[in-house]
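Scroll down for the structure; my scribbles are underneath it.
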2 protein chains.
Amino acid sequence: MKPTESELEILQVLWAKGPSTVRQVNEQLSQGREVGYTTTLKLMQIMHEKGLLSRTEEGRYHIYQALIGEEETQQHLLDRFVDTAFRGSAMKLVMQALGTSKATPQELAELQRLIHNLNPENN
Amino acid sequence: MKPTESELEILQVLWAKGPSTVRQVNEQLSQGREVGYTTTLKLMQIMHEKGLLSRTEEGRYHIYQALIGEEETQQHLLDRFVDTAFRGSAMKLVMQALGTSKATPQELAELQRLIHNLNPENN
DNA sequence: TTTTTGCTACGAAACTTTTCGTAATAAATG
DNA sequence: CATTTATTACGAAAAGTTTCGTAGCAAAAA
């Protein structure tokens with residue numbers, strides 16, 4: 001439930017592409033950096049042992065699938081991150097994240113609505 | 001410039017309390033979890049070697065001080081975190097962070113202003 | 001059938017991070 | 001002065017993470 005950085009990379013691929021073989025995942029990862037096939041294989045095997053991935057045999061292949069959800073995992077990592085990097089202040093994190101983000105007007109408007117609804121004075 | 005998790009804990013103490021001895025830092029850390037004095041000492045020595053901390057001898061003590069700024073480091077960690085955990089989407093991170101934060105109406109109002117100013121249509 | 005190809009299994013090495021035991025030293029105490 | 005106490009220095013062990021070489025095996029190709 002607390003994936004390492006490499007494990008997270010693999011989860012990202014599986015979340016984006018859905019159930020995949022080791023080769024498919026490895027090819028995605030190879031786009032960004034050099035990484036051996038057996039390295040990816042080993043990691044995915046370990047993740048399977050840990051219960052992070054499920055595995056079904058499809059003929060000669062193994063198809064892997066993420067067993068933990070993207071949002072759920074992100075929330076968990078985010079909570080941790082706010083604690084360790086921002087001493088628990090989510091507001092500080094939000095402000096800094098907004099400061100450097102290139103958000104579209106649409107996204108900003110959406111945020112405004114969200115914040116409006118969060119404020120109990122408006123309900 | 002890329003502190004580990006333990007190093008970050010130490011930085012947090014130094015940012016919050018200012019220049020401190022190993023003992024002072026260790027006592028702070030011990031509030032949260034059990035950690036040996038020599039463990040903290042070793043880490044701070046390593047951080048000094050890496051250039052993360054400065055050290056001045058004050059009589060028999062060594063006074064350590066953070067050499068990297070809090071905001072600067074947070075920004076750096078945040079950028080990394082957005083990439084690895086949120087595939088680069090700062091907006092997604094902000095939304096999720098807001099969802100679970102217990103922000104005060106004052107903070108929310110402040111955010112509204114910030115967002116308002118970010119929107120180029122309003123300038 | 002023989003050879004080649006592609007996938008999985010396994011184990012170990014390399015590297016990073018964290019923890020701690022021991023010793024040396026200097027200050028404070030008796 | 002002798003003893004206790006508090007600090008730093010050093011090195012190595014422990015633990016966690018990442019990488020990869022080699023072997024075995026089954027399917028596909030020749």
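Atom OH in A:Y37 sits about 15 Å away from atom P in D:dG21, given to the nearest Å. Counting to the nearest Å, the P atom of D:dT8 and the CG atom of B:L53 are 13 Å from each other. We find that CD of A:E49 is positioned 15 Å from P of D:dG16, with the value rounded to whole Å. When rounded to the nearest whole Å, the span between CE of B:M44 and P of D:dC10 equals 17 Å. Atom C1' of nucleotide D:dG16 and atom CD of A:E7 are separated by 11 Å, given to the nearest angstrom. For the pair B:E9 CD and C:dT18 P, the computed distance is 9 Å after rounding to whole Å.
The phosphate of D:dA9 has OP1 or OP2 within less than 4.0 Å of a side-chain N or O from B:R55. One finds no side-chain N or O of A:Y61 lying less than 4.0 angstrom from the OP1 or OP2 phosphate oxygen of C:dT8.
Sorted by first and then second residue, the pairs that involve residues 81-100 of chain B and meet salt bridge (Lys or Arg N to Asp or Glu O under 4.0 Å), not counting sequence neighbours, are A:E70-B:R87, A:E71-B:K92. Under the salt bridge (Lys or Arg N to Asp or Glu O under 4.0 Å) criterion, the residue pairs touching residues 29-42 of chain A are A:E9-A:R33, with sequence neighbours excluded. Applying the side-chain hydrogen bond (donor to acceptor under 3.5 Å, both in side chains) rule to pairs touching residues 44-54 of chain A yields A:E7-A:K50, sequence neighbours excluded.
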Could you list, one pair per line, each protein nitrogen or oxygen that sits under 3.5 Å from a nitrogen or oxygen of nucleotides 10-17 of chain C, together with the distance?
from	atom 1	to	atom 2	distance (Å)
C:dG11	N7	A:K42	NZ	3.1

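Set against D:dA9, C:dT8, C:dT19, the side chain of A:H62 has C:dT8 as its closest nucleotide.
Judged as a side chain to side chain donor-acceptor pair (under 3.5 Å), and not counting sequence neighbours, A:Q28 has no contacts. By the side-chain contact (heavy atoms from CB on, under 4.5 Å) test, B:Y37 pairs with B:V22, B:R23, B:N26, B:L41, sequence neighbours left out. For B:E5, the salt bridge (charged side-chain N to carboxylate O under 4.0 Å, His left out) test picks out A:R80, with sequence neighbours left out. The side-chain contact (heavy atoms from CB on, under 4.5 Å) check on A:A103 picks up A:S101, A:E107, A:L108, B:M91, with sequence neighbours excluded.
Put simply, the side chain of A:Q74 gets close to the backbone of B:A85: a donor and an acceptor are under 3.5 Å apart.
Within residues 16-35 of chain B, the residues having any heavy atom closer than 4.0 Å to DNA chain C are, in order of number, B:R33.
In this structure, B:W15 and B:T73 have side chains that are in contact, with non-hydrogen atoms separated by less than 4.5 Å.
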